Every structure is written in C-alpha cells, then in structure tokens.
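Let me begin by presenting the structure, written as structure tokens, before commenting on it.
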Amino acid sequence: MYLLTIREGLQTRHIGPYGSPKQAADDLDRLLPLCGDRARWQIHALESPADLQDQLDGGDDRQSPVAA
C-alpha cells in the first residue's frame with residue numbers, strides 16, 4: 001500500500017491508501033494543479049505492523065541475556 005503526502009505551507013494532507021505507486025502518481029497529477037507553486041509531495045510505501053514486527057524479531061541477534 002502507498003500513501004500520498006502533500007505539504008503546502010503549514011498544512012499537510014495525507015491521501016490514500018493506494019494499491020500501487022502509479023495510482024498515487026495519477027491522483028497526484030489530478031491534485032497538484034489545486035495546490036500552490038511551493039507545494040511539496042512524497043509517495044510513501046506503507047508497511048504492515050505485522051511485517052515490521054517480524055523484521056524486528058528476526059533481524060536482531062543482539063538480544064540481552066535474561067538474568068536468572
């Protein structure tokens with residue numbers, strides 16, 4: 001899943017989720033003319049919490065030993 005973020009001045013808008021970055025880019029093409037010249041945008045890939053937890057559990061070999 002992907003999320004489109006548009007920042008304009010002090011306002012930040014989060015739009016989505018989208019199934020692909022192409023869908024987000026197509027929506028950006030539709031929304032950008034409504035924004036000012038100084039608007040900034042990003043397309044972010046969203047991670048599911050379960051996938052992130054799996055990475056944390058399996059990727060850290062530096063677990064502290066438990067004192068008995």
Side-chain angles (χ1 to χ4, degrees):
M1 299 302 263
Y2 296 87
L3 184 70
L4 172 61
T5 301
I6 299 176
R7 290 189 187 111
E8 186 173 14
L10 297 175
Q11 182 181 20
T12 300
R13 291 182 277 170
H14 302 283
I15 305 147
Y18 300 97
S20 72
K22 169 119 176 59
Q23 291 173 335
D26 290 344
D27 211 16
L28 175 64
D29 290 340
R30 182 180 65 83
L31 295 170
L32 211 49
L34 304 174
C35 299
D37 293 339
R38 299 189 60 168
R40 303 285 183 239
W41 59 270
Q42 288 184 321
I43 297 175
H44 302 274
L46 298 176
E47 298 178 347
S48 73
D51 290 344
L52 184 58
Q53 187 63 45
D54 288 344
Q55 289 176 359
L56 293 173
D57 290 343
D60 191 5
D61 294 337
R62 300 176 296 141
Q63 295 177 355
S64 61
V66 177

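This structure is a prediction, so every number in the text was calculated from the model and none was measured.
When all heavy atoms of P21 and Y2 are compared, the closest pair comes out as CD-CE1, 3.3 Å. Here the closest non-hydrogen pair linking I6 and A39 is CG2-CB, 4.4 Å. Smallest separation of non-hydrogen atoms from I43 and A25: CD1-N, 3.9 Å.
Residue pairs that meet the salt bridge (Lys or Arg N to Asp or Glu O under 4.0 Å) test with at least one member in residues 4-21, sequence neighbours left out, are E8-R13. Residue pairs that meet the salt bridge (Lys or Arg N to Asp or Glu O under 4.0 Å) test with at least one member in residues 35-48, sequence neighbours left out, do not exist here.
Under the side-chain hydrogen bond (donor to acceptor under 3.5 Å, both in side chains) criterion, Q42 pairs with H44, not counting sequence neighbours. Qualifying side-chain hydrogen bond (donor to acceptor under 3.5 Å, both in side chains) partners for Q23, counting only residues two or more places apart in sequence or in other chains: none. Shown here are the side-chain hydrogen bond (donor to acceptor under 3.5 Å, both in side chains) partners of D27, two or more places apart in sequence or in another chain: Y18, R30.
Side-chain contact check for I15 versus L28: every heavy-atom pair is 4.5 Å or farther apart.
The other members of the hydrophobic cluster of L3, by chain and number, are M1, L46 (side-chain heavy atoms under 4.5 Å, ILVMFWY only).
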